[in-house]
Engineer: 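Mind looking over this structure? Questions follow.
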Amino acid sequence: MNEDTGVDYISPWKIGEAIQGLGGLGVVCESQSNHFKKGNIVTNIGLKWPWELFFLMEESNLTHVDDNVIKKAIHLPLSCIGLVGLTALLGVRVMGQISPNGTENVVVSSAAGATGSLAAQIAKLDGARRVIGLTGSDPKCEILVKELGLHGAINYKTENILARIQELCPEGVDVYFDNVGGTISDLIIRQMNPGGRIVLCGQISTYNQDVPYPPPISEDTQAILVERNIKRDRFLVLNYIEKFPQAIHELTQLVMEDKIKVCLLVFIGVAFIFEAYLSLMFYHQMMFF
């Protein structure tokens, strides 16, 4: 077990204690609150949801879930309309600031992941000229183009990233939604235009390494950022809690109107947590909502 998560807003799991998930969905069994009654379906506002069948929680940490959302798909408060969707929407809007006139190209790394797949679709809806996604398998590339409607996809494991970016974005890259960092990001940054914006959402390539967050970048890459006046600032969705209500409202509209698709793999029951975790490391056939 790691003794440090590398960030100040999540504590490491401790042996002998219930695991704290980042989000959850539950039914109120008993309540002493005036805002919640027995039978209400609720989700959390903060970052703590114990992996337990029954637990106590303060009302200030909970919020009601729209019945119409549950009727459409019960998972939505944990995916598109939860912290994942908020990260995608606010990351694209606050940091990406895509021009709506169809003149800017957007690249998303880990584009078949939970956040990346939503960010790519939102970028397209916001008026990007082209949205290109990077992922690690040909089946996922096919999903990005045929299911999610991206303009192109790159298999970073088998294709020449630099050549493919030049092919798919001959005008250069204006916005990069960065979920991975490392060599992949260095190559994409080389193709970015002056005045570009990098949404520094995640750095998968350096997780579990003893480096600060955000991790340092090479001198050559730093020189490109300075020379081309490219913004590369850390994005943490928790810094924009005041924007959550409006963002949740917009995400709800988008998914209820079928303007975005949610990629999902579902495991039923706490007993299957281990299998669910391992599925993160390998490709499985996903469902779309």
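Every heavy atom of this structure was used, including side-chain atoms; hydrogens, water molecules and symmetry mates were not.
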Engineer: Indicate the atoms forming the closest heavy-atom contact of N179 with S110, along with that distance.
Structural biologist: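 What the structure gives for the nearest pair is CB-CB, 3.8 Å.
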Engineer: Check the side chains of N105 and D174 for a donor-acceptor pair under 3.5 angstrom, ignoring hydrogens and angles.
Structural biologist: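 No - no donor-acceptor pair under 3.5 Å links their side chains.
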Engineer: May I ask you to check whether D220 and S218 show a side-chain donor-acceptor distance below 3.5 Å?
Structural biologist: no
Engineer: Would you say that more than 12 heavy atoms from the other residues, nucleotides or ligands in this model lie under 6.0 Å from the CD of E58, or not?
Structural biologist: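 Incorrect, the count does not exceed 12.
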Engineer: Using a strict 4.0 Å threshold on nitrogen-to-oxygen distance, state whether D178 and R232 make a salt bridge.
Structural biologist: no
Engineer: Could you tell me whether a side-chain N or O of Q121 sits under 3.5 Å from a main-chain N or O of S117, the two making a donor and an acceptor?
Structural biologist: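 Between the backbone of S117 and the side chain of Q121 there is a qualifying donor-acceptor contact (under 3.5 Å).
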Engineer: Run R228 and N193 through side-chain contact (heavy atoms from CB on, under 4.5 Å) and show every step you take.
Structural biologist: CA-CA 7 Å; R228 301 180 192 174; N193 294 322; over 6 Å; no
Engineer: Write down the atom of A111, the atom of V108, and the distance for their closest heavy-atom approach.
Structural biologist: CB-O, 3.5 Å
Engineer: Can you list the steps and then say if R93 with D126 is a salt bridge (Lys or Arg N to Asp or Glu O under 4.0 Å)?
Structural biologist: CA-CA 9 Å; R93 295 282 173 78; D126 280 2; 2.6 Å; yes
Engineer: Indicate whether the side chain of D138 and that of N155 have a donor and an acceptor atom separated by less than 3.5 Å.
Structural biologist: yes
Engineer: Side chain of R197, backbone of Q97: donor and acceptor closer than 3.5 Å?
Structural biologist: yes
Engineer: Could you work out, with salt bridge (charged side-chain N to carboxylate O under 4.0 Å, His left out) as the rule, every residue matching K37, not counting sequence neighbours?
Structural biologist: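 Per chain and number, K37 pairs via salt bridge (charged side-chain N to carboxylate O under 4.0 Å, His left out) with no residue.
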Engineer: Around atom CG of N68, are there more than 12 heavy atoms from other residues, nucleotides or ligands closer than 6.0 Å?
Structural biologist: yes
Engineer: Between E104 and R129, does any side-chain N to carboxylate O distance fall below 4.0 Å?
Structural biologist: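 No, E104 and R129 are not salt-bridged.
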Engineer: Taking K71 first and then D66, would you say they form a salt bridge - that is, a charged N and a carboxylate O separated by under 4.0 Å?
Structural biologist: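 A salt bridge is absent here (no side-chain N lies under 4.0 Å from a carboxylate O).
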Engineer: Just wondering, are more than 12 heavy atoms of other shown residues or ligands nearer than 6.0 Å to CZ in F55?
Structural biologist: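 Yes - once you tally the heavy atoms of other residues, nucleotides and ligands closer than 6.0 Å, there are more than 12.
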Engineer: For V131, does its backbone N or O pair with a side-chain atom of H151 as donor and acceptor, under 3.5 Å?
Structural biologist: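 Yes; judged by distance alone, with no hydrogens or angles, the pair exists.
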Engineer: Answer yes if I81 and I74 sit in the same cluster of Ile, Leu, Val, Met, Phe, Trp and Tyr residues linked by side chain heavy atoms under 4.5 Å apart, and no otherwise.
Structural biologist: no
Engineer: Do V42 and V28 make a side-chain contact, defined as non-hydrogen atoms from C-beta onward lying under 4.5 Å apart?
Structural biologist: yes
Engineer: Please say whether more than 12 non-hydrogen atoms of neighbouring residues, nucleotides or ligands are located less than 6.0 Å from CD in E219.
Structural biologist: no
Engineer: Grouping I, L, V, M, F, W and Y whenever their side-chain heavy atoms are under 4.5 Å apart, do F235 and V106 come out in a common cluster?
Structural biologist: yes
Engineer: Taking atom types as modelled and ignoring hydrogens, do the side chains of S185 and Y176 form a donor-acceptor contact shorter than 3.5 angstrom?
Structural biologist: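 Result is yes, a qualifying pair exists.
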